[in-house]
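Step one of this worksheet: look at the structure below.
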Amino acid sequence: MSGEARVIKVNGEQRRSHAASLTDLLREEGLDPARRGIAIALDGSVVARAAWADTPLAEGSVVEIVKPAAGG
């Protein structure tokens with residue numbers, strides 16, 4: 001993680017984040033980027049797992065993180 005904090009929206013909640021990339025954001029959220037079953041959309045478009053580390057976050061980015069939940 002690096003840079004100054006920016007305001008982004010994650011799963012409908014606005015928050016300040018120092019994450020520079022989607023991978024950084026997952027770590028900031030306490031999620032392991034290597035965990036299987038996680039999907040991410042940035043500003044309405046799904047981002048391939050291979051691109052997470054190189055996908056920057058900007059002020060006002062809207063991120064949806066979908067992860068598996070126990071119990072179905």
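None of these values were measured; they are calculated from a predicted model. Residue indices begin at 1 and follow the sequence shown. All values below come from the heavy atoms of this structure, side chains included, with hydrogens, waters and symmetry mates left out.
A salt bridge links E29 with R15: the distance from a Lys NZ or Arg NE/NH1/NH2 to an Asp or Glu carboxylate oxygen falls below 4.0 Å.
Connection of V10 to V7 is not established within any shared hydrophobic cluster, with ILVMFWY side chains joined at heavy-atom distances below 4.5 Å, either directly or through further cluster members. A single hydrophobic cluster is not seen to contain both V62 and V47; linkage of ILVMFWY side chains at heavy-atom distances under 4.5 Å, directly or through other members, places them apart.
The CG atom of N11 lies 5.5 Å from the CD1 atom of I65; values are rounded to the nearest 0.5 Å. The CG atom of L22 lies 11.5 Å from the CZ atom of R49; values are rounded to the nearest 0.5 Å. Rounded to the nearest 0.5 angstrom, T55 OG1 and L25 CG are separated by 11.5 Å.
A pairwise comparison of heavy atoms in S21 and A53 identifies CB-O, 3.4 Å as the closest pair. Scanning all heavy atoms of the two residues, the minimum distance from A19 to S17 falls at N-OG, 3.0 Å.
Here the side chain of W52 pairs no donor or acceptor atom with the backbone of P33 at under 3.5 angstrom. In this structure a side-chain-to-backbone donor-acceptor pair under 3.5 Å is missing from R35 to K67.
A heavy-atom distance below 4.5 Å is found between the side chains of I40 and L26. Side chains of H18 and E28 form a contact here, defined as non-hydrogen atoms less than 4.5 Å apart. E59 places none of its side-chain heavy atoms less than 4.5 Å from the side chain of I8. A 4.5 Å side-chain heavy-atom check between S61 and L42 finds at least one atom pair inside the cut-off.
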